[in-house]
Structure formats: C-alpha cells, structure tokens
Trainee: 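Please read through the structure below; I'll follow up with questions.
Each chain gets a letter, A, B and so on, in the order the sequences are listed, and its residues count up from 1. These numbers were taken from a predicted model, which means no experiment stands behind them. Worth knowing before you read on, the calculation uses all heavy atoms, side chains too, and leaves out hydrogens, waters and symmetry mates.
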Amino acid sequence: MAKKEANAISPTRAENYPEWYQQVIRAADLAEQSPVRGCMVIKPWGYALWENMQRVLDAKFKATGHKNAYFPIFIPKSFLEKEAKHVEGFAKECAVVTHHRLELGPDGTLIPAGELEEPLIVRPTSETIIGAMFAKWVQSYRDLPLLINQWANVVRWELRTRMFLRTTEFLWQEGHTVHATAEEAIAEARLMLDVYEEFAEKYMAMPVIKGEKSEAERFPGAVSTWTIEAMMQDGKALQAGTSHFLGQNFAKSSEIKFLPESGELQYAWTTSWGVSTRLIGGLLMTHSDDDGLVLPPRLAPVHVVILPITAKAEDPAAVVAYCKKLRDDLQALRYHERNVEVEVDERDLRGGEKNWSWVKKGVPIRLEVGPRDMAQNAVFMARRDLPPGEKQTVPRDTFVNGVVAMLEEMQAKLLERAKALRASRTKEIEGKADFYAYFGNSADEAAASQSGFALVHWAGDSALEGKLKTELGVTLRCVPLAASEPGTCPFTGQPSKQRVIFAKAY
RNA sequence: CGGGGCGUAGCGCAGUCUGGUAGCGCGCACGGUUCGGGACCGUGAGGUCGCAGGUUCGAAUCCUGUCGCCCCGACCA
C-alpha cells in the first residue's frame, strides 16, 4: 500500500499561494510554459474549458443582437497614433513588426529583410482598426446600432507574466458597437456588463461586483469603464471583465460619422467590452483546493468520469460493457443547455493513480465501477466537493435519476462557498488608521496580510490613489453600481456619496 | 527596469565552496507479482550539465559575457 498523502498539491494554498496556483495548472494539465517568453501553451483540458466559456458567451452575445466578425491581427502604427490617450496606454506594451522577409545569412542564420514602410503593430486591442472599418460601414442612422464581436488573440508585452492571468499573448473576445446616441451606447456597455455578471455567477459560480473604474484605472481612451471584480481565495481582487463607453473619442479619431434622421452629419458613439482566458485563472483561484482544480459543473468539460475496476473481475469485458451502458444512459440526459458529458477511463493505470488524476482535473463526479457494483446494480460514487476518500455506493438508477440535480446542487454550493469567502474578507472601514491597519500598514505587509476588500468612503483623486498604491500596494477596484449610504471620506474629510472598494489586485 | 532565487535526463533535485569526465527520486519501456485510497521486485532506455568565450593537462564545478525562467516591486485584462 502506498503511503497516504494529505493533499495532491504541494505547496498548499496556505503555504504558498502563487506556487500552489502554478502547481494546480500543472496537475490539472491545463497549460504549460512555451519556448516563447511569457506565452503559454493551452493544453486540451484547459482549452476545453475555454471552449465551454466561449460557447456560453457566444450564445449570449448573439442573443443580445451581436454578430461575429474578424479583423486583422496587424494594425498600422498610424492607426494607433490617432487617439492620444489610447497611444499613451498601449505604447509601452506593443509588439512591432518591421520586416516581411527573412534572408539566409552567411553563417546559416536568418536575417530580417524587406523593411516595411510603415511598421505594423500586433493588436493589443482592436478599437482603431475596427474603427477604420466601421467608418466605412456607418453612413446613416439606419446602419445603427452596429453590434459586432470578435474572438481573437491579442498581444500585450507585459513585463511580468503569470499563466492565464497575464500572458504576453492571450485569447479573448472583444465586442465593438456603434450607436446614434450616448444614452444608447451607455445602455449597451451596461447591458454587456450584465451579461458578464450573469456568466460569472451562473456559469463560473464566481460572484462578482459590478462597478465603475476610477479615472486612474480606466481604459485608455474611454469615457467610462465598468468592471466585474471578483475576489480570489487569497483575498486579492481580479478584474474579470470590462465594458467601456468610449464616448465619441474613437468615432472622432476614426471618423465614424452618420447622418441622423434629421439634422447634420455627426459623430457616432461607440463601446467596447471584453473577457479573456484570464477567466480560467479566476475560475481556478475561486474554487480549487489543495487537491487541485475544482470545476463548476456548468463549465466542466466532463461531468462524470467512470473508472472501470476490472482487475479482479471474472469477466472484465462485462464490467466495461456495464460502464459504457451507464455512460450512454447518462449522456442521454440534459444538464443545463447541453448533454451530460461522461468519460469512461479505460487507461491501463492503477486505480489510485487514475482516480487522483481526475481529482486534480476537477471533474465533479467520479464513479468507480467494478464487479461488486455490477452485481448489485450500483455505482461507487465520489464527489469533487467532498473529501477524496468520502465515497459511497449508490443504486445505479438512483444515481442516473439524480445526477442532474446533483450537478446543480454542486454548482450552487460552489457559488455559495465563494460568496461566503468574499463576505468573510470584506470589511467596511471608517477611519484612515483602520484602513492602513487592515492592509498591514505597508505594501510588504499587505502582500502577506489576510486582507480582502475594504469598503470605504471616498472623495479622493488619482493622486491619492497613487499614494495608497505606493504605500499599501492597494488600488481602487471600483465604485460599486449598487448604492450605499453617503458618508465622509476618511482620507480627505470631504463628503462621499458612497463607498468604494479598495484591495490588492492581480 | 530594480531586488531576490534558479538553469544538471520528461519532472523534481544532489553534485559546484575544495576542478578529475555525472548521480538520486519520480516518470518512461519490458517481464513478473499486484489492483475498490497515489503498489512492489527485476531489467533497461534516456543528459554535448542554458549558451558562448576564457583559465587549465583536465571544467557541471573557477573567471567573463550572454540568454532564459520563477518570486517580490514598478506597469497591466
């Protein structure tokens, strides 16, 4: 017998959270480091998660009237230069293509040749190039609203990368819309924020707070940026999605103009909104435990894995057949907009090892099915939301009839657990000293502290935000859309309309 | 770009201080015994020690340079 290990993942969350995060990715086989600096390879299990996210979000975008399209990965440098704040925001992190040919050098190496007249920027986001096309597509109020979404990869040359949370290249969707009025554009941006919120809570089981970004945290070139902010298990905030009201800023830089029903040619109003593969990092840090990944059933690539136990069977083929019949019966069931996904794992591995591999991958339900179970027409069931050893025998029919409800119960439980954690690490703070104490009084201490969200009244500005960031390492995550009572800002002594959220963030 | 750590077999590491031609665990392949909580025995494959110079009879080890990775900052979805 093997020695018993307490946990599948080492170190545990408590011991070293960042290292734990990386080990979970490795143990679940979600992704791995690539030969290219800052870029990861998303492996099948991780990509399947992304595909499930895409499937759900894509349907929601279409249900709200958006169409998919695709725009070039290369953006002429001059396009990016059109909007001053946009340039300022992205210039520092752009990959630039300057040549279009390689020539064989004397020493066998390849030398870039054929210098481009105008450098091309690998898109860090597509507002400018999409704007150039929208300018052609929009002539009349009859062309509006124009509601487009693109699934794409983007590149931001970040100084420091972390798998899924911040990589040089990442996958995302970016919605871009054009409207006749500011009101309509704002409504669009807010609608998509609601879509993101619903997705985060109902599918990812990740509770989020909708709010507006401060000027300092706003998207470069936007008039308003709204966000969904989630709390990870270490108490840090994760910006999980953003939606921007761009005013007429990009319409002006891209010349998106239209003739209204009555009156003169005018600039249109635009929005953009996006979520990325960062959501996978958020999902991981919301639910996973010291035994690896924990997946919310609604996004799990596999709901039920069946492990045939054939070693002692007189007739192994009969056990496998029993498992496959069970799989077929389960797969005929509908669970939340799709069929129940079942995998029979016939790999030639020892039972314990095989079982643990699925624990680490986060599959909601594991079934060990051997001759004993077959004889009594039952299954031996383990749930990912219970300790790995807590397994029980369940009559086959009871399991089949109850599996959909069980998945829903697990989904709900994950959301409740995440909400409880957030509540336990959210604190209303009234005084400046309390605020500093909450975050450990210094940036170093804040990194190690058990802090979370601080709800504090606020009448400060960007300079004050900068000061708090320097001193404590915390940022103003958002001004929640949900109203709170008026009060007094502890930093300025000025009256405050409502509380804002400060936290350390990813 | 600043501060710290690290590049040795697929993974995790020892060996580096005190130079002598590479080792351990896991994994992998094969054979056997096992198997419902991460098995065991045996045999075997697998490494130009990140890269480039230098010192030396001899470099994983010493020197110089360089590339890359991780953690903490600054910056950011």
Trainee: Look through every strand shown and name the nucleotide pairing with B/U55 as Watson-Crick or G-U wobble, where both distances are under 3.5 Å.
Mentor: none
Trainee: Taking all non-hydrogen atoms of both residues into account, name the closest pair between A/Leu49 and A/Leu299 and its distance.
Mentor: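 In this case the closest contact between A/Leu49 and A/Leu299 is CD2-O, 3.5 Å.
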Trainee: Describe the nucleic acid contact of A/Pro308 in one word from base, sugar-phosphate, nothing, applying a heavy-atom distance below 4.0 Å.
Mentor: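 Contact class for A/Pro308: none.
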Trainee: How would you label the contact of A/Ser276 with the nucleic acid (heavy atoms, under 4.0 Å): base, sugar-phosphate, or nothing?
Mentor: base
Trainee: State which of B/G38, B/G36, B/A77 makes the closest approach to the side chain of A/Trp356.
Mentor: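 Given the options B/G38, B/G36, B/A77, the side chain of A/Trp356 is closest to B/G38.
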Trainee: Indicate yes or no for a side-chain donor-acceptor contact from A/Lys213 to the backbone of A/Arg477 under 3.5 Å, with no hydrogens or angles considered.
Mentor: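 Judged by distance alone, yes, a pair lies under 3.5 Å.
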Trainee: What is the base-pairing partner of B/G2, counting Watson-Crick and G-U wobble geometry with both distances under 3.5 Å?
Mentor: B/C72
Trainee: Judged by modelled atom types alone, do A/Thr177 and A/Thr271 share a side-chain donor-acceptor pair under 3.5 Å?
Mentor: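 Looking only at side-chain atoms, A/Thr271 and A/Thr177 do form a donor-acceptor pair, the distance falling under 3.5 Å.
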Trainee: Side chains of A/Asp58 and A/Trp151: is there a donor and an acceptor less than 3.5 Å apart?
Mentor: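 The criterion, which ignores hydrogens and geometry beyond distance, is satisfied for A/Trp151 and A/Asp58.
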Trainee: Can you tell me if A/Gln22 touches the phosphate of B/C71, counting only side-chain N or O atoms and a distance under 4.0 Å to OP1 or OP2?
Mentor: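 Answer yes for this pair, as a side-chain N or O of A/Gln22 is under 4.0 Å from OP1 or OP2.
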Trainee: Using the P atoms only, state how far B/A60 lies from B/U16, rounded to an integer number of Å.
Mentor: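 These two P atoms come out 14 Å apart once rounded.
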Trainee: Base, sugar-phosphate alone, or nothing: which one does A/Phe170 contact when heavy atoms must sit under 4.0 Å apart?
Mentor: base
Trainee: Please determine, for B/C30, whether a Watson-Crick or G-U wobble partner exists with both distances under 3.5 Å, and give it or none.
Mentor: B/G42
Trainee: Within this structure, what is the CG-to-C1' distance between A/Asn153 and B/A77, rounded to whole angstrom?
Mentor: 15 Å
Trainee: At less than 3.5 Å, do the side-chain atoms of A/Asp373 and the base atoms of B/G36 form a donor-acceptor pair?
Mentor: yes
Trainee: Determine which nucleotide pairs with B/G37, using a 3.5 Å limit on both distances of a Watson-Crick or G-U wobble pair.
Mentor: none
Trainee: In whole Å, what separates the P atom of B/G53 from that of B/G44?
Mentor: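 Comparing P positions in B/G53 and B/G44 gives a spacing of 37 Å.
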Trainee: Take A/Trp273 and A/Phe61 through the test ring pair (Phe, Tyr, Trp, His ring centres under 6.0 Å) and record every step on the way to the result.
Mentor: CA-CA 11 Å; A/Trp273 29 274; A/Phe61 298 155; 5.2 Å; yes
Trainee: Would you indicate, yes or no, if B/G38 has its OP1 or OP2 atom less than 4.0 angstrom from a side-chain nitrogen or oxygen of A/Lys360?
Mentor: no
Trainee: Can you tell me the Watson-Crick or wobble partner of B/A77, both distances under 3.5 angstrom?
Mentor: none
Trainee: Between atom CG in A/Asn355 and atom P in B/C35, what is the gap in whole Å?
Mentor: 17 Å
Trainee: Within the 4.5 Å heavy-atom criterion, are A/Tyr21 and A/Leu165 side-chain neighbours or not?
Mentor: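 SC-SC contact between A/Tyr21 and A/Leu165 confirmed.
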Trainee: Under 4.0 Å between any heavy atoms, over every strand shown, what does A/Glu19 touch: base, sugar-phosphate, or nothing? Just pick one.
Mentor: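 Here A/Glu19 touches no strand at all.
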Trainee: Counting heavy atoms from C-beta on, name the nucleotide in B/C75, B/A74, B/C71 closest to the side chain of A/Pro18.
Mentor: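 Nucleotide nearest to A/Pro18's side chain: B/C71.
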Trainee: What is the pairing partner of B/C24, taking Watson-Crick or G-U wobble pairs with both distances under 3.5 Å in any strand?
Mentor: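 Check on B/C24: paired to B/G12, both distances under 3.5 Å.
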Trainee: Return each pair, listed once, that meets ring pair (Phe, Tyr, Trp, His ring centres under 6.0 Å) where at least one residue sits in residues 200-220 of chain A; pairs must be two or more places apart or across chains.
Mentor: A/His86-A/Phe219, A/Phe90-A/Phe219, A/Phe199-A/Tyr203, A/Tyr203-A/His336, A/Phe219-A/His244
Trainee: Does a nitrogen or oxygen in the side chain of A/Arg350 sit under 4.0 Å from OP1 or OP2 of B/C40?
Mentor: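 It does not, given that no N or O in the side chain of A/Arg350 lies less than 4.0 Å from OP1 or OP2 of B/C40.
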Trainee: Looking across every strand, which nucleic acid part, if any, lies under 4.0 Å from A/Lys213 by heavy atom: base, sugar-phosphate, or nothing?
Mentor: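 Counting heavy atoms under 4.0 Å across all strands, no contact is made by A/Lys213.
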Trainee: Between the protein and nucleotides 67-69 of chain B, list every N/O to N/O distance that falls short of 3.5 Å.
Mentor:
{"from": "B/C69", "atom 1": "OP2", "to": "A/Arg37", "atom 2": "NH1", "distance (Å)": "2.8"}

Trainee: Reckon A/Thr225 touches a base, only the sugar-phosphate, or nothing at all at heavy-atom distances under 4.0 Å?
Mentor: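 A/Thr225: no heavy atom of the nucleic acid under 4.0 Å.
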Trainee: Indicate, with a heavy-atom threshold strictly under 4.0 Å, whether A/Gln239 touches base, sugar-phosphate, or nothing.
Mentor: sugar-phosphate
Trainee: Between B/A77, B/C71, B/G38, which nucleotide has the shortest distance from any of its atoms to the side chain of A/Ala8?
Mentor: B/G38
Trainee: Return the nearest nucleotide to the side chain of A/Lys469; candidates are B/A74, B/C71, B/G36.
Mentor: B/A74
Trainee: Side chain of A/Pro371 only, heavy atoms from C-beta on: which candidate in B/C71, B/C75, B/G36 is closest?
Mentor: B/G36
Trainee: Determine, step by step, whether A/Phe491 and A/Phe435 satisfy the ring pair (Phe, Tyr, Trp, His ring centres under 6.0 Å) criterion, reporting the C-alpha distance in whole Å, the side-chain angles of both residues, the deciding distance to 0.1 Å, and the verdict.
Mentor: CA-CA 10 Å; A/Phe491 305 100; A/Phe435 184 89; 4.9 Å; yes
Trainee: Please determine whether a side-chain nitrogen or oxygen atom of A/Lys354 lies at a distance below 4.0 Å from atom OP1 or OP2 of B/A39.
Mentor: no
Trainee: Regarding A/Leu165, tell me which of base, sugar-phosphate or nothing describes its non-hydrogen contacts under 4.0 Å with the strands shown.
Mentor: base
Trainee: Among A/Arg422, A/Glu197, A/Met231, exactly one meets side chain to side chain contact (heavy atoms under 4.5 Å, CB included) together with A/Ile209. Which residue is that?
Mentor: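 Checked A/Arg422, A/Glu197, A/Met231 against A/Ile209; only one passes side chain to side chain contact (heavy atoms under 4.5 Å, CB included): A/Arg422.
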Trainee: When we call it a touch if two heavy atoms are under 4.0 Å apart, what does A/Arg26 touch: a base, just sugar-phosphate, or nothing?
Mentor: sugar-phosphate
Trainee: Taking the P atom in each of B/C41 and B/C51, what is the distance between them to the nearest angstrom?
Mentor: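 Those two atoms are separated by 35 Å.
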